[in-house]
Amino acid sequence: DHSYNADYLRLAVVVPDSGAATFQQVYEGICKRAGEVSLVKNRLTDEVDENEKSAGAMFVLLHCRLASGGHVFEVQIRFASFDALIPAALRGQHTANKWLSTLRRLHPFLPGEPDHYQGQLKVEDGEIEFKEPRPANKLPGLPDGRGIMFYSESGDCYQGDFRVGYPHGQGLFRYAKGEVYEGGFKAGKKHGQGILRYNDLDIYEGSFRADKKHGPGIYHYADGSVEVGNYAMDSEVYPQVVWNAERSKSWLLVDQEQLAPVDPVDAVKLAKDMGFEDAPPSKPVIAALEDDESLHLAINPSAPEA
């Protein structure tokens, strides 16, 4: 149950094997109806083991939240005998590629194709800028400055600062599986201050080092509760202070499983002693979350960290 306090609906849509157009229409209709699609799990490839195939597990799974009312629903769209259908389709490529292009959403470049880059790059005699995506393996230099990288294998997309070919500085990284990160990068990894929204709608806001949560951070759960404390390379450093969604109750998390009730006034003082002045914290906003078409980066650019 991914809905937490919201109403939850789970349903499956089974499309006839010959109904490729219907499949796409159903998918697009659901995305249009939903206020937010938090997870797209694509199983329309042959990259699943034989047990999954025999269980009819080749499908598209969507977790959606309606714009009005915030109700959550999960939809599985699949063909009647997709385990038999898709390997043949993949051999022909045409129909399968059309489905993959639709479902990946962030960009049109597919597995087997090169990554593509659009933006500034450094060449031997200076700097140039490409206004349209170019194959990354045919660039005359390395991405350096502001740009967008489209990753074909994963379906991910990064927009922001680059240095000698790597994300470095401030940027927005959108993962095809639904996660979004906005903040600092160093040598291609999350580094410095940032906000990471997971595909279950939990949000971490705080410090990163080498792709891991490291330093002071705030974890906002999708049900509205929040936890503040410190991290060491993705591991929680205890104690942590926790509030419920209404901020009427609070606890001290003294280890991985033990919660000790604490007065909300004392919880605020504990959090401030740990360096969290905004206690209990408010929910952060990821600036460019909805702009899929242009992938516009709506954060304030700053010089890359040395």
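The figures that follow rest on heavy atoms only: side chains count, while hydrogens, waters and symmetry mates do not. Please read all numbers here as calculations on a predicted model, not as lab measurements. Along the sequence shown, the residues carry numbers beginning at 1.
- Side-chain atoms of N244 never come within 3.5 Å of backbone atoms of S225 as a donor-acceptor pair (strictly under, hydrogens ignored).
- Residues F150 and D156 have side chains not in contact (no heavy-atom distance under 4.5 Å, counting atoms from C-beta outward).
- I148 CD1 to R174 CZ: the interatomic distance, rounded to the nearest 0.5 Å, is 11.5 Å.
- Separating the CG atom in L252 from the CD atom in Q240 is a distance of 9.0 Å, to the nearest 0.5 Å.
- A salt bridge is absent between R134 and E132: the closest approach of a Lys/Arg side-chain nitrogen to an acidic carboxylate oxygen does not fall below 4.0 angstrom.
- Rounding to the nearest 0.5 Å gives a distance of 11.0 Å between CZ of R146 and CD of E129.
- Heavy-atom minimum distance, Q170 versus G184: NE2-CA, 3.6 Å.
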Report task. Evaluate the criterion side chain to side chain contact (heavy atoms under 4.5 Å, CB included) for residue pair K213 and S207; output intermediate values, then yes/no. Result -> CA-CA 6 Å; K213 299 188 293 290; S207 182; over 6 Å; no

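- Closest approach of S248 and P264 over heavy atoms only: O-CG, 3.5 Å.
- Residues D263 and S250 have side chains not in contact (no heavy-atom distance under 4.5 Å, counting atoms from C-beta outward).
- Put simply, Y158 and L142 are part of two different groups of oily side chains (I, L, V, M, F, W, Y) that touch within less than 4.5 Å, one to the next.
- Y238 and L259 fall within the same hydrophobic cluster, where Ile, Leu, Val, Met, Phe, Trp and Tyr residues are linked whenever their side-chain heavy atoms come under 4.5 Å apart, directly or through other members.
- Of the residues F162, F130, F109, the one that meets the ring pair (Phe, Tyr, Trp, His ring centres under 6.0 Å) test with Y117 is F162.
- Only one option out of D211, L172, L196 pairs with Y181 in a side-chain contact (heavy atoms from CB on, under 4.5 Å); it is L196.
- Here the closest non-hydrogen pair linking V241 and A271 is CG2-N, 4.3 Å.
- For the residue pair S152 and D115, a side-chain donor N or O sits within less than 3.5 Å of a side-chain acceptor on the partner.
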Query raised in the report: Taking it one step at a time, do M233 and R209 satisfy side chain to side chain contact (heavy atoms under 4.5 Å, CB included)?
Result: CA-CA 7 Å; M233 301 308 286; R209 178 185 291 180; 4.2 Å; yes

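- Note: F185 and F208 fail the aromatic proximity criterion, with ring centroids not under 6.0 Å apart.
- Residue V237 is not grouped with residue I218 when hydrophobic side chains (ILVMFWY) are merged at heavy-atom distances under 4.5 angstrom, including chains of intermediate members.
- The aromatic rings of F173 and Y151 sit parallel, their planes meeting at an angle under 30°, below the 60° perpendicular limit.
- With hydrogens and angles ignored, the 3.5 Å screen pairs no side-chain donor or acceptor of D234 with any backbone N or O of K212.
- The cluster map of Ile, Leu, Val, Met, Phe, Trp and Tyr, joined by side-chain heavy atoms under 4.5 Å apart, puts L270 and L253 in different clusters.
- At least one side-chain heavy atom of V226 sits under 4.5 Å from a side-chain heavy atom of R247.
- Of the inter-residue distances, the one linking E205 atom CD with S282 atom OG reads 7.5 Å to the nearest 0.5 angstrom.
- Residues M149 and A136 come closest through the heavy atom pair SD-CB, 4.2 Å.
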Query - Check against side chain to side chain contact (heavy atoms under 4.5 Å, CB included), R197 and E179 - result: CA-CA 6 Å; R197 193 199 73 168; E179 295 181 351; over 6 Å; no

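- Across all their heavy atoms, A279 and K272 have their closest contact at CB-CG, 4.4 Å.
- The distance from atom CD1 of I195 to atom CD of E182, rounded to the nearest 0.5 Å, is 6.0 Å.
- Exactly one of Y219, W251, Y221 qualifies for a side-chain hydrogen bond (donor to acceptor under 3.5 Å, both in side chains) with E227. That residue is Y221.
- Here NZ of K269 is found 12.5 Å from CE of M274. Values are rounded to the nearest 0.5 Å.
- In the hydrophobic clustering of ILVMFWY residues, with side-chain heavy atoms under 4.5 Å counting as a link, V262 and F276 come out together.
- Contact record, P280 with V268: CD-CG2, 3.9 Å, taken as the closest heavy-atom pair.
- With respect to D144 and R163, no salt bridge is recorded, no charged nitrogen being found less than 4.0 Å from a carboxylate O.
- Annotation: Y231 is in aromatic contact with Y204 [ring centroid separation under 6.0 Å].
- With H168 contributing its side chain and A187 its backbone, the two residues share a donor-acceptor pair below 3.5 Å.
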